[in-house]
Each structure stands twice: as structure tokens, then as C-alpha cells.
Amino acid sequence: MARRRRQSARGAAAVEFALILPLMMLLVLGAVEWGYYFWVSQVVTNAAREGARAGTLHETDNAAAYADATATAQAYLTGAHLKVANAGLKVDLNTLPGGVQSVRVHVEYKTGLTGFALLAVPKQALADAEMRR
């Protein structure tokens, strides 16, 4: 009789584990996805900021400002081990009211680490930075 109780207890534990496993995986994968998203969001924000800052160093040469802003933002993403191919990068040289020149850098990066599509994690991180020249 005691032997039969141990076997049924082991079976009950397996059934309970099978019932809880999907919820545990959802929590673990959700934590991983959200953590990765927040990290990528910070890297993208910093890449946009650094690109805009690099573009402001050229007060009169628009081609050099554009090239430096693009190269610096791409280098920042590469330095954080993110693929530049997954990033959308746009640099605009604007004239603000009063004749002030500015550099605006917009960076988008596709996120997703585990590929678990049921989670409500944003699919891309976005950042804009604009600085006066």
C-alpha cells in the first residue's frame, strides 16, 4: 500500500509540474524579453544622442556633419554588439527659426531575443536626438 502511494505522489508531481510549466516559461521569457528591450532602448537612445553630438562638431560643412553623425551612431550600435543591419538610421540637417542650424538623428532598432511572439513587448526601440550646431 505504501509503495502505491509513493508512485501516485510522483505522478501527481509530474502532472502539477506540467500544469505550471507554461506559466513559468511565460514569466521567464517575458522577463528576458523585457530586459533585452529596455537594454536595446537605452543603447538606441545613446546612439542617437552621440550621433547628433558628432554632427554638431561641423558648424559649416553639411556633408561632414551628416557623415560623422551617421558613422558615430553606427559605431555606437556596433560597440554595443548590435547589428547595424537591424537598425534604421536617419540624419536630418535642419534650419530652426532664427537661422539656427541643427542635426537630428532618428534611430530604430528591431528587438526580440527569444522570438516568443505572444508577449506584449514592443517590436522596435525608437529614439530621436536633435542638437544645435
Side-chain angles (χ1 to χ4, degrees):
M1 193 73 151
R3 184 179 201 174
R4 192 175 286 168
R5 283 187 188 159
R6 271 189 267 144
Q7 286 178 349
S8 67
R10 274 191 254 151
V15 170
E16 290 169 0
F17 181 73
L19 291 173
I20 297 298
L21 184 62
L23 181 60
M24 286 178 30
M25 290 302 293
L26 182 68
L27 290 173
V28 169
L29 290 176
V32 169
E33 283 289 334
W34 276 105
Y36 182 71
Y37 169 75
F38 286 128
W39 176 75
V40 167
S41 179
Q42 289 299 309
V43 170
V44 165
T45 299
N46 291 337
R49 186 181 306 124
E50 289 297 318
R53 186 200 59 79
T56 62
L57 300 177
H58 303 280
E59 294 183 17
T60 57
D61 190 358
N62 287 343
Y66 182 86
D68 274 357
T70 303
T72 302
Q74 288 176 344
Y76 196 93
L77 292 172
T78 302
H81 303 290
L82 294 178
K83 295 178 184 176
V84 176
N86 291 346
L89 180 64
K90 183 179 177 187
V91 176
D92 293 323
L93 304 175
N94 301 318
T95 302
L96 301 174
V100 176
Q101 299 287 321
S102 74
V103 177
R104 182 172 189 254
V105 178
H106 175 79
V107 181
E108 298 178 5
Y109 192 84
K110 297 176 186 171
T111 62
L113 187 62
T114 63
F116 194 63
L118 297 177
L119 299 173
V121 178
K123 300 298 179 207
Q124 62 184 0
L126 306 170
D128 286 309
E130 185 170 12
M131 295 186 184
R132 294 184 298 165
R133 293 170 60 187

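In the hydrophobic clustering (ILVMFWY side chains linked at under 4.5 Å, chained through shared members), Val28 stands by itself. By the 4.5 Å side-chain criterion applied to Ile, Leu, Val, Met, Phe, Trp and Tyr, Leu57 is assigned to no cluster and stands alone.
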Ignoring hydrogens and angles, write down the donor-acceptor pairs under 3.5 Å from the side chains of residues 95-103, residues two or more places apart or on other chains.
unit_1	atom_1	unit_2	atom_2	d
Thr95	OG1	Gln101	NE2	3.1
Ser102	OG	Glu130	OE2	2.8

Name the atoms and distances for all side-chain donor-acceptor pairs under 3.5 Å in residues 72-92, with sequence neighbours left out.
unit_1	atom_1	unit_2	atom_2	d
Thr72	OG1	Asp68	O	2.7
Tyr76	OH	Asn46	ND2	3.3
Thr78	OG1	Gln74	O	2.9

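Considering only residues two or more places apart in sequence or on other chains, Ala71 meets the side chain to side chain contact (heavy atoms under 4.5 Å, CB included) condition with none of them. Take Leu21 and apply the side chain to side chain contact (heavy atoms under 4.5 Å, CB included) test, not counting sequence neighbours, and it matches Phe17, Met25. Glu108 meets the side chain to side chain donor-acceptor pair (under 3.5 Å) test with His106; sequence neighbours excluded. With sequence neighbours left out, Ala52 forms a side chain to side chain contact (heavy atoms under 4.5 Å, CB included) with Val105, Ala129, Met131. Arg53 is linked by a salt bridge (charged side-chain N to carboxylate O under 4.0 Å, His left out) to Glu50, counting only residues two or more places apart in sequence or in another chain. Take Arg104 and apply the salt bridge (charged side-chain N to carboxylate O under 4.0 Å, His left out) test, not counting sequence neighbours, and it matches Asp128. Phe38 meets the ring pair (Phe, Tyr, Trp, His ring centres under 6.0 Å) test with Trp34; sequence neighbours excluded.
A 4.5 Å side-chain heavy-atom check between Leu113 and Glu33 finds at least one atom pair inside the cut-off.
Atom CE of residue Met24 and atom CG of residue Leu27 lie 9.0 Å apart, to the nearest 0.5 angstrom. Between the CG atom in Leu93 and the OH atom in Tyr66 there is a gap of 8.5 Å [rounded to 0.5 Å].
When the side chains of ILVMFWY residues are joined at heavy-atom separations under 4.5 Å, either directly or via intervening members, Leu126 and Val107 end up in two distinct hydrophobic clusters.
Using a distance-only test at 3.5 Å, with no hydrogens or angles considered, no donor-acceptor pair links the side chain of Ser41 to the main chain of Tyr37.
Val40 and Ala125 make their closest contact through CG1-CB, 4.0 Å (heavy atoms, listed as atom of the first residue, atom of the second, distance). A pairwise comparison of heavy atoms in Thr111 and Pro122 identifies OG1-O, 2.9 Å as the closest pair.
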